[in-house]
Every structure is written in C-alpha cells, then in structure tokens.
Amino acid sequence: MKSFGLAIWGDDNFVIKKDTININHASKPSLLEITNDIREKGYKGPLLLRFPHLIKKQIVTLFTAFENAKNEFDYKGNFQAVFPLKVNQFPNFVHALMDVSKGYNYGLEAGSKAELIIAMTKTPVGAPITVNGFKDKEMISLCFIAAKMGHNITVTIEGLGELETIIQVNKEFNDNIQMPIAPKIGVRIRLHSSGIGIWAKSGGYSSKFGLTSTELLEAYEMLKSNDLLSHLWMVHFHIGSQMGDIAPLKKALREAGNIYAELKKRGADALGAINIGGGLAVEYSQHPHHQERNYSIKEFANDVIFLMQEIAKSKNVQEPDIFTESGRYIAASHSVLVAPVLELFSQEYNEKGLRLKEVNPPLIAELYDLYNNMKRSHAREYLHDTLDHMESLLTLFDLGYIDLEDRSNTEILVNLIIKKAIALLNDEDVDELKKLQDRIQEKYLVNFSAFQSLPDFQTDQSREYLGYYL
Ligand SMILES: Cc1ncc(COP(=O)(O)O)c(C=O)c1O
C-alpha cells in the first residue's frame with residue numbers, strides 16, 4: 001500500500017484506512033465520503049475542504065512549545081503570536097482561526113490597509129495587532145484610530161520617512177487632547193545576517209525593509225524629541241519564509257537581542273518585546289533523505305528563549321516578550337484541495353495489448369526476450385539495451401521499414417521493461433530510474449487553478465501529493 005510519505009510530512013493528520021484517506025479527527029471521516037456527500041449536493045469542485053481542528057492543533061503546538069521553553073529556562077517575558085494576514089485572508093479561514101484561537105490572546109498582523117481593516121474588525125480588543133510593510137499617512141492614521149478604539153496595536157517603522165509621518169499624524173491626532181492616544185511603536189531592524197528560505201531577500205542587509213544601526217539611532221532621537229519614546233515597545237525582524245535551517249535564525253536572534261538591549265540601556269524604557277517574524281517551516285518532503293526542515297518546534301522555541309535570556313542576562317536588561325508572526329506553519333496543513341479529474345492519459349500498458357506477429361522485426365523479438373528474461377543482476381544493462389533498441393525502432397518506423405503495429409509493440413514492450421526494471425531495482429536511488437519513472441507515469445487532466453485553488457504552494461518541484469499542503 002502506498003503511503004505517500006505520510007510518515008514524513010503528514011504529522012499524524014491523515015490515516016490510511018481500507019484504501020481511503022481519512023482526516024485524523026474524532027470520527028476520522030474519509031475524504032472520499034466527504035467529497036461524495038458534497039458532490040451529491042451538486043457541487044462538482046474543485047473543493048477546498050478546511051479542517052479548523054488542524055489550525056487549532058498548530059496554534060496549541062506553537063504555544064505549548066514556548067510555554068515549555070519558558071518553564072524550562074524560567075523565562076520572565078511572555079510569549080505572544082499573531083497571524084500574518086498576507087498568508088491567508090479568506091473569511092472562511094480567518095473566522096475559523098479567530099474561533100479556534102480563543103484563550104490564546106492570539107492576534108493578527110497586517111501588511112496593507114485592507115488587512116489592517118480586517119485586523120481591526122476581527123482581533124478581539126486586547127489581543128495584539130502588528131502592522132508591517134510600507135505605510136502612507138492614511139494607513140498610519142488608521143493605526144491611531146485602532147489605538148483609540150482600544151486595540152493593542154503596534155505599528156512597525158520600516159524607514160525614517162514613515163517615522164516622520166507617524167510624528168505628523170501624532171501631532172494632528174492628539175492636538176489639544178488631554179489624554180493623547182497613539183499606537184505602540186516597533187522598529188524593524190535591517191539584519192546584518194542574511195535571510196533564508198523563500199523570500200530570503202526580505203531579510204538580510206540588502207533587504208528593502210528595516211532600519212540600519214545609524215537610522216535606528218536617528219529614529220531613537222526623533223522619538224525622544226517628539227515625546228514618543230514611551231511608545232517604543234518592539235524590535236522586529238523577519239528573515240524569510242520556509243526557513244529550512246535553524247542556524248541563520250540564531251544569528252538573527254543574537255543581533256536583534258543585542259539591538260534590543262542597547263536601545264534599552266540607552267533609555268528606551270518602554271521597550272519590552274522582540275518580534276521574530278514568521279518563517280517557521282512546514283515539512284513538504286516525501287523523502288526521508290531530503291527533508292526541508294532541520295529543526296523541531298521544540299528546538300526552535302528553546303533557541304529563541306535561551307538566546308534572548310542569555311543576552312538579557314549579560315546586558316542586565318529585562319527579558320523581552322517574544323512575538324511570532326508564523327503564517328505558513330499555522331495555515332498550511334488545515335486544508336485539502338479535492339479537484340475533479342477530467343481525463344486520465346493512461347500509459348497503463350500490459351502484455352495483452354501486444355500485437356506480435358508470427359515473424360517480428362528482429363529488434364522487437366529482442367525486446368520481447370529482454371522483457372521475459374530480465375533479472376535484477378542485469379536489469380540496468382537490459383534497460384540500456386532497451387532504450388537503445390527503442391531509438392533504432394523509431395528510426396526504422398520513420399524510414400518506413402516497420403509498420404504501426406510494430407511501433408505499438410515497441411511502445412508497450414519498452415513501457416513494460418522500464419516498469420519491471422524499476423520494480424527490480426526499487427531500493428536503488430538512481431537518477432536515471434527517477435527520470436524513467438516520470439516517463440511512464442500516468443498523467444491526469446485536473447480541473448483546478450493553481451492561483452485560485454491552491455491555498456499554499458511549493459515553488460521548486462511538483463510532487464506527487466494529496467493536495468495537502470495546500
Ligand atoms: C513580516 C512578515 N511576517 C510574517 C510573515 C509570514 O511568514 P511565514 O508564512 O513564512 O511564517 C511574512 C511573510 O512574508 C512577513 O513578511
């Protein structure tokens with residue numbers, strides 16, 4: 001029975017039972033039953049099935065890992081998390097997310113005005129909202145309005161121009177007001193350490209986001225001279241998405257931790273949080289030797305807490321609250337795309353399809369022999385002979401020396417020989433075999449749109465999959 005590599009990437013979310021794939025939940029419903037039920041109601045698909053309990057599972061796992069790390073190291077800061085809306089803004093997802101995250105003070109991250117409006121309407125008052133990306137005056141004004149509504153909102157400065165606008169909006173908004181209100185302020189730092197994973201360029205020194213050390217010092221002075229230093233609360237960075245290796249994160253944490261401590265020692269008394277952005281990776285691989293993530297969630301949480309504590313201790317400053325903005329990790333596994341197959345381009349040949357004659361061209365007789373006598377010990381040699389004969393036979397057809405039936409016999413025999421060789425050599429990790437496997441694979445014409453239907457995607461390779469990451 002084929003397992004689709006579930007043991008590697010499935011995270012116990014699926015169970016294969018009696019040849020059906022079942023979602024691992026109390027009643028373990030099978031995807032086939034669910035799909036049939038929906039189709040009976042007239043919906044043909046593509047269908048995107050969402051399983052909110054799997055969103056909850058990720059949230060619980062993330063919070064538990066940090067809770068355990070905090071306990072282990074006796075860490076004094078809090079752990080908080082927000083979901084970056086750029087990863088999924090669909091109402092069906094956001095509503096489910098806010099529903100299953102109750103009790104965790106879980107909030108939302110916004111990177112655009114539209115996302116900010118979603119965050120302002122969907123985040124419970126008190127839960128954190130973080131605002132990243134470039135912001136114009138309108139967007140900054142919206143942040144002030146959110147603060148006035150009572151939201152726990154942090155607006156991250158990505159450049160000094162933005163800070164000037166914040167100062168301007170602050171003056172206009174709080175002009176002649178006895179109890180001035182302003183959002184909390186974060187500073188996105190431009191890391192010296194390089195980014196990693198997908199969108200690596202959004203981290204690292206050449207990134208277009210974030211303040212250099214010189215700009216940070218300037219921002220500090222601007223905040224101070226405009227009475228906004230008491231709002232400076234967060235240091236933020238994001239090193240990239242689908243972070244496969246933990247090492248660059250550790251470097252970034254040291255850098256960010258030291259910047260936090262230096263700003264605090266300089267007089268940023270209200271500073272109390274480090275936002276480590278997103279990037280927590282999802283395992284997509286089906287192959288034991290090519291895994292995408294070299295760390296566990298436990299290691300991730302332990303590293304963050306340990307390194308922050310170490311820096312806070314050595315610089316004698318308060319241990320910061322830790323924020324994460326993991327998106328992919330929270331959302332990727334909760335949905336399954338079921339798409340209707342419109343056609344199967346089958347190359348499922350078998351011996352019965354052969355139209356052998358009493359006297360066949362010698363190369364076809366040879367192929368037939370190779371097929372019948374192939375053993376593991378000489379399978380690769382026979383395979384190479386087969387491919388060679390195939391080329392010759394196709395040339396013979398082009399030159400008019402063999403007929404269509406001979407060409408069909410060639411096709412079938414080559415297909416059968418390749419399959420037999422792959423079966424005999426199945427424990428050998430040979431590139432040549434993988435390429436041949438592609439050649440004999442069945443092809444399906446499936447009705448879905450990569451842009452509309454896939455909720456998350458893997459850029460580098462198309463894989464045999466259940467539509468799960470997505
Ligand atoms: C600032 C910021 N935070 C969080 C994320 C989410 O990243 P991920 O989905 O990899 O966790 C992104 C993604 O680009 C981002 O730019």
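Read the numbers this way: they start at 1 and go in the same order the structure lists the ligands and their atoms. Computed from heavy atoms alone, side chains included, the values below leave out hydrogens, waters and symmetry copies.
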Checklist entry - Under 6.0 Å between the ring centres of Phe300 and Tyr329? => result no
Item to check | Proximity of Phe323 and His236 rings by center, below 6.0 Å | outcome: no
Item to check | Asn132 neighbourhood, listing ligand 1 atoms whose heavy-atom distance to it stays under 4.0 Å | outcome: 1 (C)
Checklist entry - With under 30° as parallel and over 60° as perpendicular, where do the rings of Phe79 and Phe66 fit, or are they tilted in between? => result parallel
Checklist outcome for this item: ligand 1 to Gly279, heavy atom cutoff 4.0 Å, flagged ligand atoms 7 (O), 8 (P), 10 (O), 11 (O)
Checklist entry - For ligand 1, which part of Ser241 has a heavy atom less than 4.0 Å away: the side chain, the backbone, both, or neither? => result both
Checklist entry - Can you tell me if Asn13 and Lys57 form a side-chain donor-acceptor pair at under 3.5 Å? => result yes
Checklist entry - Counting each atom of ligand 1 from 1 as listed, which ones have a heavy atom of Arg328 under 4.0 Å away? => result 8 (P), 9 (O), 11 (O)
Checklist entry - Tyr260: what forms a ring pair (Phe, Tyr, Trp, His ring centres under 6.0 Å) with it, not counting sequence neighbours? => result none
Item to check | Glu109 N/O under 3.5 Å from ligand 1 N/O | outcome: no
Next on the checklist: For the 3.5 Å polar cut-off, considering only N or O atoms, please tell me whether Gly327 and ligand 1 meet it.
Outcome noted: yes
Item to check | Check ion pair Lys76-Asp74 (N to O, under 4.0 angstrom) | outcome: yes
Checklist outcome for this item: In ligand 1, the atoms that come under 4.0 Å of a heavy atom of Gly278 are 3 (N), 4 (C), 7 (O), 11 (O)
Checklist entry - Is Lys135 salt-bridged to Glu162, cutoff N-O under 4.0 Å? => result yes
Checklist entry - Applying a 4.0 Å heavy-atom criterion (strictly less than), which segment of Lys86 is in contact with ligand 1: side chain, backbone, both, or neither? => result side chain
Checklist entry - Is it true that Glu283 and Arg293 have a side-chain N and a carboxylate O under 4.0 angstrom from each other? => result no
Next on the checklist: Regarding ligand 1, does Ser326 bring an N or O atom to under 3.5 Å of one of the ligand's N or O atoms?
Outcome noted: no
Item to check | Enumerated ligand 1 atoms positioned under 4.0 Å from heavy atoms of Val87 | outcome: 9 (O)
Checklist entry - In terms of atom number and element, which parts of ligand 1 are under 4.0 angstrom from non-hydrogen atoms of Glu325? => result 1 (C), 2 (C), 3 (N), 4 (C), 5 (C), 6 (C), 11 (O)
